[in-house]
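Contents: one structure, followed by commentary.
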Amino acid sequence: MFQENIIVGQSEVCNSIINAMEDLAGKGKPSILLINGETALGKTHILKYFHEAAKDTYSFQSIYFQCEAPIGKINVGNIQPLQPFIKAIDVFKLRKGFSAKKKFYVKASMSLLSAIPLLGDVIAAVKDIGRDYREFKFDEVGESDSQESTTLQDFYNALGALTEDAPAVIFIDDFHFSDPQSIALLNMFAQASPMPLSFVVSYKKSVAESISSPLITFIVEHSGAHNVALTELHPMATQDINKFCKLFFEHYIPNDIFETWIYNHSFGTPGVIIEYLKYFKKFSPFNPDGTLNPNFGDTDYLPSSVHSAFSHVLDTLTEDEKNLLAVCSAEGREFTALVISELIRTDLLQTIRMLRSVQNKTGIIRSIGAQMRYGSRTTVYEFTQALYFSHFENMLEYEEKVALHGHIASMLKQLYDSAENEAVRRQIAPYLAGHSSESGDDDTAKSMLVAVAESAKELGSGETVQSIFDEYKSIDRSEDENSA
C-alpha cells in the first residue's frame with residue numbers, strides 16, 4: 001500500500017503500521033504501535049504519511065499531532081494533564097457526520113459543541129459524553145454501567161463514543177514529552193480494549209530514559225502483549241541512498257563514489273541526507289551526461305558538513321527573513337501567528353503573509369493549521385526539521401533570548417490576568433512558566449507551576465503534581481548553578 005519511493009529504507013516500520021491498520025479494517029482489532037527513533041530518522045514524515053493514508057485508503061477517522069517540546073528547562077507537556085487526548089477530542093468535536101444511534105450522538109454532539117472552544121473546557125464536555133456513552137451502552141446494548149466515573153474513564157468512554165461511527169487511528173508524535181496521565185490512559189487502551197481505535201505512537205527512547213518517563217515502564221510491562229507492538233527506525237543503508245538520489249536527480253546514474261560520500265557524511269540519517277541532496281541539486285556535481293565530476297572530492301563547492309550545506313538554503317533568505325525565523329524560534333519549534341505578530345509588532349495578516357512567503361520559498365517552516373493556544377484559536381507553524389529550529393535558535397544572542405522570552409511572558413501574563421475562564425488560565429500557565437523561567441523571572445515561573453499544581457489536584461492528578469514538583473526543583477537547581 002505504501003510507496004517505498006516516498007518512505008525510503010523504513011519498510012519494517014511501514015509494514016508494522018500497515019499490519020495494524022489492516023487488522024483494524026479487516027478484523028476490527030485495535031492495537032498500539034510504539035515506534036522508537038532518534039532525531040532526523042523520519043518519525044514525523046512517516047506518521048504524517050500514514051495519517052493521510054488512514055483517511056484516503058481505509059476511510060478511517062485519523063488524527064495526527066505532536067506532543068509539545070520543552071520551553072527551556074520547563075517540560076510543558078509533562079505538566080499538562082491529558083493534553084494529547086484533549087487535542088484529539090478537540091479535533092473530533094469539530095467533525096460532523098454522527099449518524100448511528102441518533103439519540104446518543106445528538107447528545108454527544110451537543111456536549112462537545114456546548115464547550116467553549118477552549119481545550120481546558122473539553123474536560124467538562126468529556127465528562128458529559130462519558131456519562132452519555134455509559135447510558136447508551138446500558139440502554140441499547142445491555143452492558144452493565146458499573147464503571148467508576150473518573151477523569152481517565154471519562155476520556156476512555158468519550159473516545160469510545162466518538163469512534164462508534166467509524167474506526168479511528170490516532171498518530172501521536174514525540175510521546176516521550178507526554179504527561180503521566182496520558183500514559184496511564186494509553187495503558188487503559190492496552191488492556192484489551194474492544195474499541196475500533198488504534199494508536200501509532202513515536203518516541204525517543206534516549207529522551208524518555210533521561211527524564212525517567214513512565215512511558216518506559218509502559219513499554220516494559222506491555223512488551224510481548226498481543227495488542228502492543230514495538231518497532232524501531234534505523235539509519236539508511238547505502239542501497240537506500242541510491243533510491244533517495246533517484247528522487248532528487250532526474251535520470252540519475254548510480255554512482256558508488258557519490259553514494260558512499262553521502263553515507264559517510266550522514267551516517268545514513270535521512271534528515272542529513274536530504275540537506276546534502278538539496279545542496280547538490282543546486283550545485284550539481286554531475287556532468288551533463290549524468291556522470292560524476294572526476295574532481296568531485298576536491299571541488300571547492302563540496303560541503304564539509306551538513307551545516308555548510310544548509311547555509312546555502314539560507315542564502316535564499318533576506319536578512320529580515322532570517323531575523324524573523326530567529327524570533328519565531330524563541331517561542332519554540334512550534335510557534336503561533338498570534339505571538340509572532342506581537343513580537344515583530346506587525347498586524348496578524350501581514351505576519352501570516354511574511355511566514356507564508358518563507359514557507360513557500362524554502363520549506364524551512366510550514367503551517368499546521370489553526371489550533372487552540374493561550375485561550376484562543378490561532379494559526380500554528382512548525383520548523384520542519386529540528387536542524388532548522390536549532391540553527392535559528394542559536395542565532396539569537398543571550399540578551400536577545402532573554403528579551404524575547406520576557407516579551408512573550410509579559411504578553412501571556414496579560415492574557416492570564418484578564419482571562420475570566422479558569423480553563424484559559426490553566427492552558428496559559430505552563431507556557432507562562434516556561435517563558436518566565438527563560439527570561440530569568442523565576443518568581444512568576446514558580447507561581448505558575450503552583451497554579452498548575454492546584455488545578456492538577458482538583459483533577460486528582462497525583463502523577464502530574466509530582467511532575468510539576470520536579471519542574472519546580474529544576475528552577476531551584478538552575479538558581480544554585482548560577483550562584484555557584
Side-chain angles (χ1 to χ4, degrees), residues 1-25 31-58 60 62-67 169-177 198-208 215 219 223 228-249 252 254 258-278 281 306 333 363 366 382-388:
M1 185 274 296
F2 79 94
Q3 300 179 42
E4 192 173 358
N5 65 330
I6 293 177
I7 303 177
V8 177
Q10 302 295 353
S11 58
E12 178 183 341
V13 170
C14 293
N15 286 330
S16 296
I17 299 175
I18 291 170
N19 291 339
M21 293 201 289
E22 289 287 345
D23 284 344
L24 185 62
S31 62
I32 297 173
L33 177 62
L34 297 145
I35 303 171
N36 174 34
E38 293 303 312
T39 301
L41 286 181
K43 297 187 303 300
T44 299
H45 178 65
I46 288 174
L47 262 61
K48 286 188 173 181
Y49 174 85
F50 282 103
H51 159 58
E52 296 300 327
K55 294 184 292 184
D56 298 339
T57 304
Y58 294 96
F60 290 153
S62 183
I63 297 172
Y64 164 87
F65 52 84
Q66 285 181 307
C67 293
V169 184
I170 298 179
F171 296 86
I172 310 178
D173 210 352
D174 290 340
F175 200 59
H176 49 272
F177 290 136
S198 290
F199 295 87
V200 179
V201 176
S202 80
Y203 70 101
K204 296 180 187 177
K205 185 178 179 181
S206 60
V207 175
L215 178 61
I219 292 170
S223 180
V228 178
L230 306 177
T231 188
E232 186 170 354
L233 291 167
H234 298 285
M236 290 184 175
T238 51
Q239 62 265 30
D240 297 322
I241 293 176
N242 175 277
K243 297 174 185 176
F244 236 146
C245 291
K246 291 178 180 178
L247 292 176
F248 274 81
F249 305 109
Y252 174 72
F258 180 71
E259 292 165 20
T260 300
W261 189 97
I262 293 291
Y263 180 80
N264 289 339
H265 286 73
S266 67
F267 300 101
T269 304
V272 178
I273 293 171
I274 288 172
E275 290 307 319
Y276 279 125
L277 294 182
K278 283 181 178 178
K281 191 177 177 85
V306 68
R333 182 168 176 179
R366 62 177 161 232
E382 67 176 0
F383 286 93
T384 54
Q385 288 196 41
L387 168 69
Y388 302 157

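For the single chain, residues carry numbers from 1 onward in sequence order.
Distance check: N19 CG to T231 OG1 gives 10.5 Å after rounding to the nearest 0.5 Å. The CG atom of N242 lies 12.0 Å from the CD1 atom of I262; values are rounded to the nearest 0.5 Å. For the atom pair M236 CE and K243 NZ, the distance stands at 9.5 Å (nearest 0.5 Å). Atom CD1 of I17 and atom CG of N15 lie 9.5 Å apart (nearest 0.5 Å). Note that OG of S31 is 10.0 Å distant from CE of M21, once rounded to the nearest 0.5 Å. Between the CZ atom in F50 and the CD1 atom in I46 there is a gap of 7.0 Å [rounded to 0.5 Å].
When the shell of 6.0 Å around CZ of F267 is examined, it contains 12 or fewer heavy atoms from other residues, nucleotides or ligands. For K205, the NZ atom sits in a loose shell: 12 or fewer heavy atoms of surrounding residues, nucleotides or ligands are nearer than 6.0 Å.
Remark: the backbone N or O of I32 is not paired with any side-chain donor or acceptor of S198 at under 3.5 angstrom. Of the possible donor and acceptor atoms, one in the side chain of K43 sits under 3.5 Å from a partner among the backbone N and O of G37. A donor-acceptor pair is defined here as one N or O able to donate and one able to accept, closer than 3.5 Å; such a pair exists between the side chain of K281 and the backbone of F248.
Using cut-offs of 30° and 60° for the angle between ring planes, the F258 and Y252 rings count as tilted. Ring geometry for F60 against Y58 counts as parallel: the plane angle stays under 30°, on a 0 to 90° scale with 60° as the upper cut. Ring-plane geometry between H51 and F171 is classed as perpendicular, the angle between the planes exceeding 60 degrees on a 0 to 90 degree scale with a lower cut at 30.
Side chain to side chain, Y388 and E275 meet the donor-acceptor criterion of an N or O pair below 3.5 Å.
Annotation for C67 and D174: closest pair CB-O, 3.2 Å, computed over non-hydrogen atoms. Nearest heavy atom pair, residue T39 against residue T269, reads O-CG2, 4.1 Å. Contact record, Q385 with I274: NE2-CG2, 4.4 Å, taken as the closest heavy-atom pair.
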